[in-house]
Amino acid sequence: MPRYQAPRGTRDLLPADRAVFLRLEGIARSLAVRYGFSPIETPLFEQSEVFERGVGAVTDVVEKELFRVQAGRGDQERERWALRPEPTAGIVRAYVQHGMQTLPQPVRLTLTGPMFRYDRPQAGRYRQFWQFDVEAIGDAGPAIDAEIVELGLRFYREAGLDGVEVILNSIGDAACRPAYVERLRAWFMEREDRLPELERERLGTNPLRLLDSKDERMAELIAAAPTIADHLCAECATHFAAVRRHLEVLGVTPRLDPRLVRGLDYYTRTTFEFYRSGAEGQQQALGGGGRYDGLVELLGGKPTPGIGFGIGLDRVALALSAAGGSEPVAPRVPVVVAGADPEDTVTRLAIATRLRAAGITARADLAVRKLGRQLEAAAREGAHLVVICGDEMAAGQVQVKDLEAGTQRRVELADLAREIERTLAQHRHGAGEA
RNA sequence: GUGGCCUUAGCUCAAUCGGCAGAGCAUCGGAUUGUGGCUCCGAAGGUUACGGGUUCGAGCCCCGUAGGCCACCCCA
């Protein structure tokens, strides 16, 4: 075991893994842009208060998972910062700071990058993980809720992941939720003697969480408990119905679950989670999001509605490999420059440099080893062509060997780049037909 | 933060009752001067995760720590 290893809950994305992430990030960005979202980047850390206020001081994310940064000399500086546990608070902070309420509303923003939570690691759960995030700030209407849910589902589909479902709920707003929460608390209080100890504690802190309990002893109670759906105010009920209607037109059939309660305080009205049906294990929430109509104001802006989602790229990658997707392969270099004289690395490097200047992906074999070894290495890494520099260099020529066809011919150095380009194009064409 | 299982070469894994740490793959080199994926030969690669303890002797038994996985908690 090496002396130094990646910190607990983090991992190196080796080339094969990184290739998968690059692909997912590319799909995410182009999809978001297609839907009219503009890429934005915010700092990986913010003032702790942004998260404490934005995400909610009594949430697990802030209470026990916030990655606080210790820096600076004075007590004032110490623990003033925290690594972002989620992207929304930072984006909303930027929205307020840069006066984006003066832009045409809603402002559509997208961000893909690492998030940090000091949680206990498990498969698919890391202390540093990647999220694809979109936020639409400044539109209270139900249509955009549907648009964003549909965007999330399309991402999974384009990534090659089938069978992703959306669970949908409305958790009300400031007008109706507090009353419902109190009612729920009272209802459970009357049955406190039937609650397991853990649930009894939650009753005091966050009664909504009881609905989410996986304790079998709770099943009967949960089924009988009053549901938020029956306690939405008229405005919330209307909004929720409209969201469902819009989704139906888009061909999206959500699974309604009045027990869907999300862990961040800022959510209002529409909340949803993406998950993979039939998947094993508990880390199968592939993404989630919702509406946060009070968040902008909470962070110092004018009252402004907003909605967005975060999708966990680590879990998408995990699900893809579990689904038996083809093993990720490190990208191959199609052209290798070899030489008859093992010592003459200068010529090989110079030729490769010329090819690269002409836009060709090429690698020079810079190891001092005989030609046979160089060819062996090129063949094993899957190169298509090998340029062999030998005596013909005196006549301004090199050999170009086609490793798959087994053919080889002399080419004028002056024509080399053009010749290679032409041959590679044939290879691509052939591969396309096969 | 709680509980359970696990950790031997870069990777996947062996090692009898507590008795000399091994194989395959990968890497590097050789198989007669400038021709490849196969084959053959060889080399290198280890503080058996780390630190203690028991023992004549520990990869193996005991304790602690770290890391991984699983179940909670929670979430992506």
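Please read all numbers here as calculations on a predicted model, not as lab measurements.
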Between CG of A:Asp365 and P of B:rU27 the distance, given in whole Å, is 13 Å
Roughly, in whole Å, what's the span from NZ in A:Lys64 to C1' in B:rC75? 10 Å
Check whether any side-chain N or O of A:Arg125 sits under 4.0 Å from OP1 or OP2 of B:rC75, and answer yes or no. no
Partner of A:Phe309 under ring pair (Phe, Tyr, Trp, His ring centres under 6.0 Å), chosen from A:Phe37, A:Phe132, A:Phe155, A:Tyr267: A:Phe132
Determine the contact category for A:Tyr126: base if any of its heavy atoms lies under 4.0 Å from a base atom, sugar-phosphate if only primed atoms, P, OP1 or OP2 are that close, otherwise nothing. base
Apply the test side-chain contact (heavy atoms from CB on, under 4.5 Å) to residues A:Val252 and A:His246: give CA-CA distance (whole Å), side-chain angles for both, the deciding distance (0.1 Å), then the verdict. CA-CA 9 Å; A:Val252 174; A:His246 280 80; over 6 Å; no
Per A:Arg315 side chain, nearest of listed nucleotides B:rA76, B:rG34, B:rG36: B:rA76
Given the P atoms of B:rC11 and B:rG68, what is the spacing between them in whole Å? 15 Å
Whole angstroms only, please: what is the CG-P distance between A:Leu371 and B:rG30? 13 Å
Taking only the side-chain nitrogens and oxygens of A:Gln122, find out if one of them lies under 4.0 Å from OP1 or OP2 of B:rA71. yes
Do A:Gln408 side-chain and B:rU35 base share a donor-acceptor contact under 3.5 Å? yes
If the cut-off is 4.0 Å, is A:Lys370 near the phosphate of B:rA31, judged by side-chain N/O to OP1 or OP2? yes
Over all strands shown, is A:Asp391 touching base, sugar-phosphate only, or nothing at heavy-atom distances under 4.0 angstrom? base
Between CD of A:Gln128 and C1' of B:rA76 the distance, given in whole Å, is 13 Å
For A:Arg369 and B:rC28, what is the distance between atoms CZ and P respectively, to the nearest whole Å? 6 Å
Would you classify A:Gly372 as touching base, sugar-phosphate or nothing, given that sugar-phosphate means primed atoms plus P, OP1 and OP2, and contacts are heavy atoms under 4.0 Å? sugar-phosphate
Closest-nucleotide ordering on RNA chain B, the 5'-leading residue of A:Gly382 and A:Glu392: A:Glu392
Say you pick atom C1' in B:rG19 and the same atom in B:rC61; how far apart are they, in whole Å? 15 Å
C1' gap between B:rU48 and B:rG36, integer Å: 39 Å
Could you give the OH-to-P distance, from A:Tyr266 to B:rC75, as a whole number of Å? 11 Å
In whole angstroms, the gap separating C1' of B:rC69 from CG of A:Asp119 amounts to 15 Å
Side chains of A:Glu165 and A:Tyr156: donor-acceptor distance under 3.5 Å anywhere? no
Suppose you measure atom P in B:rC13 against the same atom in B:rC6; what distance do you get, rounded to whole Å? 15 Å
Spacing of the P atoms in B:rC5 and B:rG46 (rounded, Å): 32 Å
With the side chain of A:Leu375 defined as its heavy atoms from C-beta on, choose the nearest nucleotide among B:rG36, B:rG34, B:rU27. B:rG36
If I pick the P atom on B:rG30 and the same atom on B:rG34, what distance separates them, to the nearest angstrom? 11 Å
A:Arg120 vs B:rG68: side-chain N/O to OP1/OP2 distance below 4.0 Å: no
Which value, rounded to the nearest 0.5 Å, describes the distance between A:Glu135 atom CD and A:Ile91 atom CD1? 5.0 Å
Phosphate oxygens OP1/OP2 of B:rG36: is one of them under 4.0 Å from a side-chain N or O of A:Arg373? no
State which of B:rG34, B:rC75, B:rG37 makes the closest approach to the side chain of A:Arg380. B:rG37
Per A:Arg8 side chain, nearest of listed nucleotides B:rA76, B:rG67, B:rC73: B:rG67
For A:Asp60 and A:Ala405, take the nucleotide of RNA chain B holding the closest heavy atom to each; which residue's nucleotide lies nearer the 5' end? A:Ala405
Please test A:Tyr118 against A:Phe116 for ring-ring contact (aromatic ring centres under 6.0 Å, His included), starting from the C-alpha separation and ending with a verdict. CA-CA 7 Å; A:Tyr118 193 77; A:Phe116 305 84; over 10 Å; no
Separation of atom CZ in A:Arg410 from atom P in B:rG34, rounded to whole Å: 17 Å
Measuring only the C1' atom in each nucleotide, how far is B:rU47 from B:rG42? A whole number of Å is fine. 27 Å
Could you work out the separation of B:rC41 and B:rG57 based on their C1' atoms and round it to a whole Å? 38 Å
